[in-house]
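These notes are about the structure you will find just below.
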Amino acid sequence: MVGHHFVQQLVSQQGDSKNVDITVLSGEDRLAYDRVQLSSFFKGKTEDDLALTCSKTYQDWQVGFHTHSKVVDINRDAKTVTTSKGESFAYDKLILATGSFAFVPPIPGKDREHCLVYRTINDLHAIKKSAQGSKVGVVIGGGLLGLEAANALKQLGLQTHVIEFAPQLMGVQIDGAGGRLLKNKITELGVTVHTSVATEQITEGENSRYKMCFKGGQTLETDMIVFSAGIRPYDNLAREFNLELGERGGIVINNHCQTSDKNIYAIGECALWNNFIFGLVAPGYAMAKVAAGHVLKQLASSTASNTPLSNYSNNTDEFSGADMSTKLKLMGVEVGSIGDAHARSEGAISYYFEDQPNGIYKKVVTNEQGNKLIGAVLVGDTSEYDNLLQYHLNSIELSVPAESLIMPLAGDTGELSADDLPSDAIICACHKVTKHTIEHAVMQGCSDLSDVQQATKASTGCGGCEKLVQSVISRALNNKIATLIPADEPVSQSA
């Protein structure tokens, strides 16, 4: 996804100049597809539905591409790469967008036939095939991807279990209370959740294919096991060809996304910035944009390019980190996480609301002064997510008591309108689309959400900002009409 976004950025930032030859080398048997929506494959979406691009698009963009072309060698002196098929390609700039791979714990018996991972489209086919002869399925890992995998097994008709080593589900995104409620809601949906459980061995089963043996003597029989216990950066090329790595992996990059070799860039989940790996797509997209702008400026300054260097000056912002807030729906359960969800900042103050009969838990976290929102957790109801996210992203001072942001019947809930947001407010975090960009698109002729999505890509990532994008569009359309028809000018009946 991030590699494809880099290509999009290169093409769009070049405009009509087309001074850069672009070649995409895909280790998989296909071009980029939407990994965020993998679980929709089990709801009827096809491989074509998940595809982010196709051969015709790349041909129209004059982008060369090769599938089944895993790179196995980088010659940094000659500036060439070689694929497993023996093909060699020269480069001026090389971008590593190799992403990550599923971590499989070193459990004896993990390499059995029906022990799978949940990462690629080919993995989905393997899971679907295995499910045809299975009755029970287990997912090892209770994080975001693990619960997505559990949802897939349930949709395939399997009796489904989730095994999590930690004491709660989704420990990265939500706090303990939210994790307990999430566990209860998922259990009510028919998935059995086992927390604080460590798998020691996988052996032959007596009634099912396999028997999982846990620390403490407990066992569980299953026909299929899907590992989704986290990811690791796919940094083997950097490791083999002497690019700087972090102590725990990841290709070290600077603010321009350059590695220790100035002609090689790394973006997405393989990249380590400020000793941190970002496991969401939005930060990867931000890296892709920064890297594309820097590459074009570097190439323009080192060659006799016909494109003025100034054309790229606005496209070379430095990468300075990214917000990790996220909103999603897991097996129909709404979950939202914003900023410092665990209230780990010094002086942080937390406010809680829980509605046990309806399965709703909410928490907001403010700074020590209580006037800025720095985090939030929402389980069971994410209707306030967009509002809370704007307070957090734009550091807007709270005009109401913090607890009123999540308490029902609290009077003034402090809900932000499009007018309350500054012009540079980021409305779509995935594609870094600002309020001003959306308003400008409307002034240029976009009249509905579909038009704005095509023009700006707003709400085409995770889709969580769609309601707010629509609000900005509606307000901009009203302002446009008011501009075209002055208030003191009468409107005819025919109009």
Side-chain angles (χ1 to χ4, degrees), residues 5-6 8-15 255 280-294 296-297 310-327 338-339 372-373 384-399 414-487:
H5 194 72
F6 176 85
Q8 284 183 309
Q9 288 294 317
L10 272 186
V11 172
S12 63
Q13 291 185 34
Q14 278 190 94
N255 292 353
L280 296 176
V281 70
Y285 283 177
M287 290 181 188
K289 184 176 182 180
V290 167
H294 194 260
L296 290 173
K297 192 166 186 178
S310 60
N311 282 18
Y312 304 125
S313 60
N314 293 327
N315 300 323
T316 54
D317 295 336
E318 295 187 357
F319 182 75
S320 56
D323 184 72
M324 296 293 284
S325 301
T326 184
K327 179 174 71 170
I338 294 174
K372 295 287 180 69
L373 182 81
E384 291 103 343
Y385 179 87
D386 289 347
N387 194 51
L388 298 176
L389 183 63
Q390 289 304 314
Y391 272 113
H392 168 62
L393 287 181
N394 299 294
S395 196
I396 297 173
E397 190 160 330
L398 299 180
S399 59
E415 184 170 354
L416 297 169
S417 69
D419 287 341
D420 295 322
L421 301 175
S423 180
D424 61 352
I426 296 174
I427 305 300
C428 173
C430 288
H431 291 283
K432 296 286 185 181
V433 182
T434 65
K435 174 185 172 183
H436 171 74
T437 301
I438 296 170
E439 292 174 332
H440 180 71
V442 172
M443 294 304 294
Q444 293 297 311
C446 294
S447 60
D448 57 23
L449 178 63
S450 178
D451 289 345
V452 169
Q453 286 177 326
Q454 187 170 355
T456 69
K457 294 194 178 299
S459 83
T460 62
C462 70
C465 61
E466 183 175 312
K467 180 181 176 182
L468 187 56
V469 171
Q470 185 63 67
S471 173
V472 175
I473 293 171
S474 298
R475 189 62 185 165
L477 284 170
N478 288 338
N479 290 339
K480 184 178 181 181
I481 292 171
T483 301
L484 293 174
I485 306 175

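Residues passing the side-chain hydrogen bond (donor to acceptor under 3.5 Å, both in side chains) test with Thr326: none are found, sequence neighbours excluded. Glu439 meets the side-chain hydrogen bond (donor to acceptor under 3.5 Å, both in side chains) test with no other residue; sequence neighbours excluded.
Here CG of Leu388 is found 11.0 Å from CG of Leu393. Values are rounded to the nearest 0.5 Å. Atom CG of Asn394 and atom CG of Asp420 lie 11.0 Å apart (nearest 0.5 Å). Here Gln470 contributes atom CD and Ile438 contributes atom CD1; the two are 10.0 Å apart, rounded to the nearest 0.5 Å. With values rounded to the nearest 0.5 angstrom, Ile338 atom CD1 is found 10.0 Å from Glu384 atom CD.
Looking at Lys327 and Asp386, their side chains come closer than 4.5 Å, going by heavy atoms from C-beta outward. A 4.5 Å side-chain heavy-atom check between Thr456 and His431 finds every atom pair outside the cut-off. You'll find the side chain of Asp323 reaches within 4.5 Å of the side chain of Leu389, heavy atoms only. By the 4.5 Å heavy-atom criterion applied to side chains, Ile396 and Leu416 are counted as neighbours. Side-chain contact between Val281 and His5 is absent, with no heavy-atom pair separated by less than 4.5 Å. Under the 4.5 Å side-chain criterion, counting only non-hydrogen atoms from C-beta, Val452 is not in contact with Val472.
Closest approach of Leu280 and Ser325 over heavy atoms only: CD1-O, 4.2 Å. The minimum heavy-atom distance linking Ala292 with Gln9 is given by the pair CB-CB, 3.6 Å. Listed here is the closest heavy atom pair of Ser459 and Gln453: OG-NE2, 2.8 Å. The two atoms that bring Glu318 and Val290 nearest to each other are C-CG2, 4.0 Å, heavy atoms only. Thr434 and Ser423 make their closest contact through CB-O, 4.0 Å (heavy atoms, listed as atom of the first residue, atom of the second, distance). Of all heavy-atom pairs spanning His392 and Gly339, the tightest one is NE2-CA, 3.7 Å.
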Val433 and Ile427: side chain to side chain contact (heavy atoms under 4.5 Å, CB included), yes or no, with the steps? CA-CA 6 Å; Val433 182; Ile427 305 300; 5.7 Å; no

Show the numbers, then the answer: is there a side chain to side chain donor-acceptor pair (under 3.5 Å) between Ser450 and Asp448? CA-CA 6 Å; Ser450 178; Asp448 57 23; 4.7 Å; no

Check against salt bridge (Lys or Arg N to Asp or Glu O under 4.0 Å), Lys289 and Asp317: CA-CA 9 Å; Lys289 184 176 182 180; Asp317 295 336; 5.8 Å; no

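Between the side chain of Gln390 and the main chain of Ile426, a donor-acceptor pair closer than 3.5 Å is present.
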